[in-house]
Amino acid sequence: MKVLKNTQKNGFTLVEIIVTMSIFSLVIAAIGLFARDTVYYNNLFSGGLTSYDDARKILQPVTSEIRGASPSSLGSYSIESANSTSFVFYTDTNGDGLKERIRYFLDNGILKRGIIIPSTSPINYLPSSEVVTDVISNLKNNGVPVFTYYDSSYNGNSLPLTEPVSIEDIRLVKITLIIDSDPNRPPLPITVTTQVSIRNLKDNL
């Protein structure tokens, strides 16, 4: 009786190994791309939320200060100057009875805040004592006014006051911030806007 020898070889052939390695490499590459895209879009989403939240947070104290604008401690008018990129007014920020000079202005894509605390004996506002801080960066308004102004006839659809703005006519201030942390990458710019009436100048608003 003949004994049949098992001629079947154990293990993988070279071709099978190559095919297996190729498939494994494709799977690893796909996982890597997915992880990279997940992190990328996660960062974009987080960045967008951070910019929006920054704008909302800063607009709250800004509107509060503007709403409380009142004559300076020297008796001058509540608003010193107003244009599309700058708004200067007086308000009591700390409740001590003295009115600080507040200046919000756009400078190289950054909304900044300057404050002058009046000196006493005698009371005076010294330009050299102004303290300037950055409020929010990455602004890309590109011609869109940061500040627009309306008079007492504002009804929601009124046209803003034209420049040069007569400060005595201002009753409401609209603030618009267009934020874009990286113009070369998504998401699209975020636009945050709010409007505030000046309480001490309010008549028919």
Side-chain angles (χ1 to χ4, degrees), residues 51-52 54-96 98-118 124-180 189-205:
S51 297
Y52 184 83
D54 286 347
R56 296 305 305 175
K57 287 175 183 177
I58 196 55
L59 284 180
Q60 290 175 5
V62 171
T63 56
S64 178
E65 288 181 347
I66 293 175
R67 184 176 292 110
S70 56
S72 76
S73 294
L74 292 173
S76 56
Y77 192 65
S78 304
I79 301 170
E80 180 179 305
S81 64
N83 59 49
S84 62
T85 59
S86 175
F87 185 51
V88 184
F89 58 97
Y90 298 92
T91 190
D92 184 1
T93 61
N94 53 14
D96 65 354
L98 292 175
K99 310 299 174 56
E100 288 76 37
R101 178 185 183 269
I102 304 296
R103 179 170 68 110
Y104 283 103
F105 62 102
L106 183 65
D107 182 24
N108 292 322
I110 303 173
L111 182 65
K112 296 186 177 184
R113 176 183 185 266
I115 179 171
I116 298 178
I117 299 175
N124 200 3
Y125 293 90
L126 302 175
S128 59
S129 68
E130 184 182 39
V131 177
V132 177
T133 55
D134 292 351
V135 175
I136 190 167
S137 58
N138 300 318
L139 295 182
K140 300 294 188 297
N141 279 55
N142 296 329
V144 176
V146 175
F147 302 102
T148 49
Y149 310 94
Y150 299 84
D151 59 20
S152 58
S153 66
Y154 179 76
N155 61 9
N157 297 311
S158 306
L159 293 175
L161 297 172
T162 57
E163 292 195 31
V165 175
S166 172
I167 59 175
E168 291 83 4
D169 292 335
I170 297 173
R171 294 295 181 272
L172 182 141
V173 181
K174 181 179 180 181
I175 305 169
T176 303
L177 303 177
I178 301 175
I179 307 163
D180 192 355
I190 297 170
T191 300
V192 181
T193 184
T194 191
Q195 58 190 39
V196 54
S197 59
I198 300 175
R199 183 171 54 235
N200 294 318
L201 302 179
K202 187 175 180 181
D203 39 39
N204 69 338
L205 285 177

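Of all the heavy atoms in K112 and V135, the pair that sits closest is C-CG2, 3.8 Å. T91 and A69 get closest at one heavy-atom pair: OG1-N, 3.9 Å. Across all non-hydrogen atoms, the minimal contact from P118 to Y125 is CB-CE2, 3.7 Å. Closest heavy-atom contact between N141 and V146: ND2-CG2, 3.7 Å. Considering every non-hydrogen atom in both P71 and Y90, the closest pair reads C-CB, 4.4 Å. Minimum heavy-atom separation, A82 to I170: CB-CD1, 3.6 Å.
Exactly one of R171, K174, Q195 qualifies for a side chain to side chain donor-acceptor pair (under 3.5 Å) with Y154. That residue is Q195.
Going from atom CG of L172 over to atom CG of L201 covers 11.0 Å, rounded to the nearest 0.5 Å. How far CZ of R199 is from OG of S78: 11.0 Å, rounded to the nearest 0.5 Å. The distance from atom CG of L177 to atom CG of L106, rounded to the nearest 0.5 Å, is 9.0 Å. To the nearest 0.5 Å, atoms CG (N83) and CD1 (I167) are separated by 12.0 Å. Remark: S73 OG to L98 CG distance equals 4.5 Å, nearest 0.5 Å. Taking OG1 of T148 as the reference point, atom CG of L159 lies at 11.0 Å (rounded to 0.5 Å).
Atom CG of N108 has 12 or fewer heavy atoms from other residues, nucleotides or ligands within 6.0 Å.
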Report task. Check the pair I175, I66 against side-chain contact (heavy atoms from CB on, under 4.5 Å), reporting the backbone distance first and the verdict last. Result -> CA-CA 11 Å; I175 305 169; I66 293 175; 3.9 Å; yes
Requested in this report: Test R103 against V132 for side-chain contact (heavy atoms from CB on, under 4.5 Å), laying out the working first.
Outcome: CA-CA 9 Å; R103 179 170 68 110; V132 177; 4.2 Å; yes
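At a threshold of 4.5 Å between non-hydrogen side-chain atoms, the residues I179 and L139 count as touching. No side-chain heavy atom of S72 sits less than 4.5 Å from a side-chain heavy atom of R101. Within the 4.5 Å cutoff, the side chain of E100 has heavy atoms near those of the D92 side chain. The side-chain heavy atoms of D180 and I178, taken from C-beta on, include no pair separated by under 4.5 Å. Using a 4.5 Å cut-off on side-chain heavy atoms (C-beta onward), V62 and R113 make no contact.
Note on ring orientation: taking the six-membered ring where Trp is involved, the planes of Y104 and F89 are parallel (angle under 30°, cut-offs 30° and 60°).
Although no hydrogens or angles enter the test, the distance criterion places no donor-acceptor pair under 3.5 Å between the side chain of T85 and the main chain of F105. Between the side chain of D151 and the backbone N or O of S153 there is at least one donor-acceptor pair closer than 3.5 Å. Panel note: side chain E65, backbone I102; no donor-acceptor pair is recorded below 3.5 Å. Between the side chain of S84 and the main chain of F147, no donor-acceptor pair closer than 3.5 Å is present.
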